[in-house]
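First the structure, in the form of structure tokens, and then the observations on it.
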Amino acid sequence: MPPPGAPTGEPLLAERLARAITLGGPIPVSQFMAAANAHYYATRDPIGAAGDFTTAPEISQMFGELIGLWAADLWDRAGRPEVAWVELGPGRGTLTADALRAMRAAGLTPPVHFVENSPALRGVQARAVPDATWHDDVSTLPGDRALIVVANEFFDALPIRQLVRGPDGWRERLVACQDTLFLPIAGGAMPPGIMPDALDAAAPGSVVETSPASVAIMAGLAALIEAQGGAMLVVDYGYEGPAIGDTLQSVRGHAYANPFEAPGEQDLTAHVDFATLGLAAEASGCVRSGPVGQGAFLSALGIDTRAAALGPRVAEDRRRLVQEMGELFRVMAVTHRNWPEPAGFR
């Protein structure tokens with residue numbers, strides 16, 4: 001049965017993908033992931049107990065408040081310029097709503113811009129932050145002021161390419177289909193010189209992941225920050241690459257699932273390569289700070305003090321944010337070369 005909000009009178013995404021693969025042959029993992037996530041996010045609000053997963057802003061108000069205070073502190077030390085607040089993939093709008101409350105207390109009341117494609121989520125975000133302006137991509141963000149950009153669990157949902165080491169060299173992983181059963185297979189051999197020499201000794205079966213879409217978005221935002229001033233904060237689960245490993249995963253109903261089953265009906269993600277994102281930002285002239293663990297970052301910003309003020313009811317929330325998610329999730333900042341060093345990274 002199609003999920004609530006799915007277009008009526010159209011075949012399910014799985015059927016459309018199966019037909020396309022049958023007619024045109026196997027497709028790259030990146031194409032499969034892009035199609036699956038586009039449909040998934042367009043047709044539902046997946047966040048919270050009734051959805052498939054929970055994010056840090058939904059666990060506690062402390063998360064968004066501390067990020068808001070982080071932004072206000074950086075803005076103040078930068079000389080209080082005109083800024084716009086930008087969130088990429090803002091979920092239910094909870095992070096921004098909490099951050100705005102904290103920033104307002106510090107004297108910062110920026111206009112809000114959301115980069116969001118999902119009609120379902122835009123409706124939820126409008127209830128949380130009614131005065132926001134929405135964008136389909138970063139190309140239409142304001143060009144007349146500095147930007148403070150937040151990307152919390154945004155890059156992990158962008159499509160990845162997977163390259164698999166075979167006995168005769170590296171091959172791109174493709175997705176084939178038998179009826180409506182999707183399965184990964186090895187494609188044609190990669191041309192010589194594509195892979196770094198350091199990976200020549202990788203064992204057969206090794207997987208390397210890249211995300212050209214992530215690099216393009218980071219490079220575009222870093223160019224805006226370099227031209228206009230500002231900063232960007234990235235919070236996500238990931239690693240400092242390059243690294244070998246298959247991190248493609250799927251979550252449905254708060255449990256892990258087969259990422260090649262039911263495309264468009266479950267959340268597909270992959271771990272974020274922070275080293276590559278940082279290099280893309282630095283190539284535009286920006287300064288990178290971190291990454292550091294989320295637990296260390298929130299502790300440096302004063303989560304213990306805030307938790308004490310809110311009382312015993314938030315003790316479990318603090319534990320989840322600082323300990324349970326503290327090392328898996330990483331935090332990285334990108335700032336204009338003339339802006340001060342952001343808090344939380346020493």
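Computed from heavy atoms alone, side chains included, the values below leave out hydrogens, waters and symmetry copies.
- Across Gln125 and Gly91, no two heavy atoms sit closer than the pair NE2-O, 2.8 Å.
- Among all heavy-atom pairs drawn from Asn37 and Ala157, the shortest one is ND2-O, 3.0 Å.
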- Determine, stepwise, if the pair Leu17 / Ile27 fulfils side-chain contact (heavy atoms from CB on, under 4.5 Å). CA-CA 9 Å; Leu17 279 174; Ile27 59 176; 4.2 Å; yes

- For Val115 and Val86, what are the C-alpha separation, side-chain angles and deciding distance, and is it a side-chain contact (heavy atoms from CB on, under 4.5 Å)? CA-CA 7 Å; Val115 178; Val86 178; 4.3 Å; yes

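- Annotation: side chain of Ser211 is not in contact with side chain of Phe155 (no heavy-atom distance under 4.5 Å).
- Hydrophobic clustering keeps Leu248 apart from Leu328 (ILVMFWY residues linked when any side-chain heavy atoms are closer than 4.5 Å, directly or through intermediates).
- Taking CG from Asp137 and CG from Asn117, the interatomic distance works out to 7.5 Å, rounded to the nearest 0.5 Å.
- Across all non-hydrogen atoms, the minimal contact from Ala71 to Ile148 is CB-CG2, 3.9 Å.
- Looking at Glu341 and Arg77, no side-chain N of the basic residue comes within less than 4.0 Å of a carboxylate O on the acidic one, giving no salt bridge.
- Between Glu316 and Arg313, none of the side-chain N atoms (NZ, or NE/NH1/NH2) sits under 4.0 Å from a carboxylate O, so this pair counts as no salt bridge.
- With rounding to the nearest 0.5 angstrom, the CD1 atom of Ile47 is 5.0 Å from the CZ atom of Phe53.
- Although no hydrogens or angles enter the test, the distance criterion places a donor-acceptor pair under 3.5 Å between the side chain of Thr43 and the main chain of Tyr40.
- Between the Ser284 side chain and the Cys286 main chain, no donor and acceptor come within less than 3.5 Å of each other.
- Atom CG of Leu321 and atom CD1 of Ile59 lie 5.0 Å apart (nearest 0.5 Å).
- A side-chain donor-acceptor contact under 3.5 Å links Asp236 to the backbone of Asp156.
- Ionic pairing of Arg173 and Asp246 is present here: one or more N-O contacts between side-chain nitrogen and carboxylate oxygen are shorter than 4.0 angstrom.
- The CZ atom of Phe154 sits 11.5 Å away from the CG atom of Asn152 when rounded to the nearest 0.5 Å.
- Residues Leu268 and Ser250 share a closest heavy-atom pair of CD2-CB, 3.6 Å.
- Both Val314 and Met325 are part of a single hydrophobic cluster, where members link through side-chain heavy atoms under 4.5 Å apart.
- Side-chain contact between Phe63 and Ile67 is present, with at least one heavy-atom pair separated by less than 4.5 Å.
- Judged by distance alone, the side chain of Thr96 and the main-chain N or O of Gly93 form no donor-acceptor pair under 3.5 Å.
- Residue Gly143 comes nearest to Gln228 through the heavy atom pair CA-OE1, 3.4 Å, listed as atom of the first residue, atom of the second, then distance.
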- Query: Passes side-chain contact (heavy atoms from CB on, under 4.5 Å), Val112 versus Thr133? Steps please.
  - Reply: CA-CA 6 Å; Val112 174; Thr133 299; over 6 Å; no

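- Hydrophobic clustering places Met103 together with Val129 (ILVMFWY residues linked when any side-chain heavy atoms are closer than 4.5 Å, directly or through intermediates).
- For the side chain to side chain contact (heavy atoms under 4.5 Å, CB included) test with Pro28, the passing option among Arg161, Glu172, Met33 is Glu172; the others fail.
- Between Leu163 and Met190 there is a side-chain heavy-atom pair separated by less than 4.5 Å.
- Under a 3.5 Å cut-off, the side chain of Asp304 and the backbone N or O of Arg306 do not form any donor-acceptor pair.
- In this structure, CG on Leu279 lies 13.5 Å from CZ on Phe274, to the nearest 0.5 angstrom.
- The main-chain N or O of Asp317 is never found under 3.5 Å from a side-chain atom of Ser60 such that the two would form a donor-acceptor pair.
- Note on Arg101 versus Asp98: salt bridge recorded, some NZ/NE/NH1/NH2 to OD/OE distance being below 4.0 Å.
- The hydrophobic clustering, which links ILVMFWY residues whose side-chain heavy atoms are closer than 4.5 Å, places Trp339 and Trp85 together.
- Using a 4.5 Å heavy-atom cutoff, the side chains of Leu88 and Glu116 are not in contact.
- Taking the side chain as every heavy atom from C-beta outward, Ile303 and Leu66 approach each other to under 4.5 Å.
- The distance from atom CZ of Arg44 to atom OG of Ser118, rounded to the nearest 0.5 Å, is 9.5 Å.
- With hydrogens and angles ignored, the 3.5 Å screen pairs a side-chain donor or acceptor of Gln266 with a backbone N or O of Glu261.
- Comment: Arg122 engages Asp136 in a salt bridge, judged by a side-chain N to carboxylate O separation of less than 4.0 angstrom.
- Judged purely by atom type and a 3.5 angstrom limit, His135 uses its side chain to pair as donor or acceptor with the backbone of Thr140.
- Taking the side chain as every heavy atom from C-beta outward, Arg16 and His39 approach each other to under 4.5 Å.
- The neighbour count for Glu82 CD, taken as heavy atoms of other residues, nucleotides or ligands under 6.0 Å away, does not exceed 12.
- In terms of modelled atom types and a separation under 3.5 Å, the side chain of Thr247 and the main chain of His271 share a donor-acceptor contact.
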- Query: Please walk me through it: do Thr276 and Val215 pass side-chain contact (heavy atoms from CB on, under 4.5 Å)?
  - Reply: CA-CA 7 Å; Thr276 297; Val215 172; 3.6 Å; yes

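- Under the 4.5 Å side-chain heavy-atom criterion for grouping Ile, Leu, Val, Met, Phe, Trp and Tyr, Phe329 is not connected to Val251 through any hydrophobic cluster.
- Ion pair Arg252/Asp267 not flagged as a salt bridge, since none of the NZ, NE, NH1 or NH2 atoms sits closer than 4.0 Å to an Asp/Glu carboxylate oxygen.
- With a 4.5 Å cut-off on side-chain heavy atoms, Arg145 and Val83 do not count as touching.
- If you look at Phe297 and Phe345, their ring centroids are closer than 6.0 Å.
- Between Ala333 and Trp70, the shortest heavy-atom contact is CB-CZ2, 4.1 Å.
- Judged by distance alone, the side chain of Arg171 and the main-chain N or O of Gly187 form a donor-acceptor pair under 3.5 Å.
- Using a 4.0 Å cut-off between charged side-chain N and carboxylate O, Glu324 and Arg318 make no salt bridge.
- By the 4.5 Å heavy-atom criterion applied to side chains, Leu141 and Leu221 are counted as neighbours.
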